[in-house]
Amino acid sequence: MISLRRTVATAVTAVAATVAVTACGTDAVSPLPAQPRGPSSPAASVSVSAGTTTPTTPVATGRTGSPTRPPSSAGRPVPPPPIPTRTRGTPRTTPPPTDVTPACQGAVRYDLPLAETEIELLKSLCFATGAVLRIQGIGPGLVTVDHPELVSQQYEAGVVDIRFVRPGTVAVTIPQEGREHTITVVVR
């Protein structure tokens, strides 16, 4: 109830202010339909009838006090401004090279104990840059890589550590039981 009284009081004050401004003889001009109201343009008034409020726009008057003719486009509805749209490129089908995918491990240490691993079943691996492939149980100088510029390789006490320092594909060749097994390592 108090809210309705405040609304009615505000509406009556707005109507009184509009009537007072119009009675003072100022040149009130309504903005064009496409222009926003500025600080110099008149405020919309509110008419009160039977307890409801309806916003109205004051009528523009010329210097003689008679209503002015609206611009020729005022009779037509003004279309709303276009809704801005985002341009969307084609969606990516593969993740960027720095992301770790479920099939590709991060910068981890992958232990490969040759005595316990069926090396013929291991064909390929995927790591992030910085990962280490640790091959355990092999002699010095036996493990080779096809792109030595992409790795940093160390040997100590039967363990070869291959650190993948740059992205690319490296074929790691491991001799075992008279055969050479190649593991393709993709480095992202």
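Values below: all heavy atoms of this structure, side chains included; hydrogens, waters and symmetry mates excluded. This structure is a prediction, so every number in the text was calculated from the model and none was measured.
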Requested in this report: Spell out, yes or no, whether V165 and Y155 are grouped together once hydrophobic residues are joined by side-chain heavy atoms under 4.5 Å, including indirect joins.
Outcome: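 Per the 4.5 Å side-chain linkage, V165 and Y155 are not co-clustered.
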Requested in this report: Determine whether V172 and L114 fall in the same hydrophobic cluster, where Ile, Leu, Val, Met, Phe, Trp and Tyr are linked whenever their side-chain heavy atoms lie under 4.5 Å apart.
Outcome: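 Looking at the clustering, L114 is in the same group as V172.
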Find out whether [X] and [Y] are in side-chain contact, i.e. whether some heavy atom of one side chain is under 4.5 Å from a heavy atom of the other.
{"X": "I183", "Y": "K123", "value": "no"}
{"X": "R188", "Y": "P167", "value": "no"}
{"X": "Q105", "Y": "Y110", "value": "yes"}
{"X": "L133", "Y": "F164", "value": "yes"}
{"X": "R166", "Y": "T129", "value": "no"}
{"X": "V160", "Y": "Q154", "value": "no"}

**Report entry** Residue pair I135, I162: steps toward the side-chain contact (heavy atoms from CB on, under 4.5 Å) verdict
**Finding:** CA-CA 8 Å; I135 304 167; I162 301 173; 4.2 Å; yes
I'd like a table of donor-acceptor pairs (distance under 3.5 Å, sequence neighbours excluded) in which one partner is a side-chain atom from residues 140-152, with atom names and distances.
residue	atom	partner	partner atom	Å
D146	OD1	A171	N	2.8
H147	ND1	E149	OE2	3.3

Query raised in the report: After noting the C-alpha distance and the side-chain angles of R163 and D161, does the key distance pass the salt bridge (charged side-chain N to carboxylate O under 4.0 Å, His left out) rule?
Result: CA-CA 6 Å; R163 179 177 301 275; D161 282 339; over 6 Å; no
Requested in this report: Report the C-alpha distance between I174 and I138 in whole Å, list the side-chain angles of each, state the deciding distance to 0.1 Å, and finish with yes or no for side-chain contact (heavy atoms from CB on, under 4.5 Å).
Outcome: CA-CA 9 Å; I174 304 168; I138 194 153; 3.7 Å; yes
Requested in this report: Mind listing the closest non-hydrogen atom pair of A107 and G130 along with its distance?
Outcome: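 So the two residues come closest at CB-C, 4.1 Å.
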Query raised in the report: For the residue pair C104 and A128, what are the closest heavy atoms and their distance?
Result: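 Heavy atoms of C104 and A128 come nearest at SG-N, 4.5 Å.
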Query - Residue pairs involving residues 170-185 (criterion side-chain hydrogen bond (donor to acceptor under 3.5 Å, both in side chains); sequence neighbours excluded) - result: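 Only E120-R179 qualify under side-chain hydrogen bond (donor to acceptor under 3.5 Å, both in side chains).
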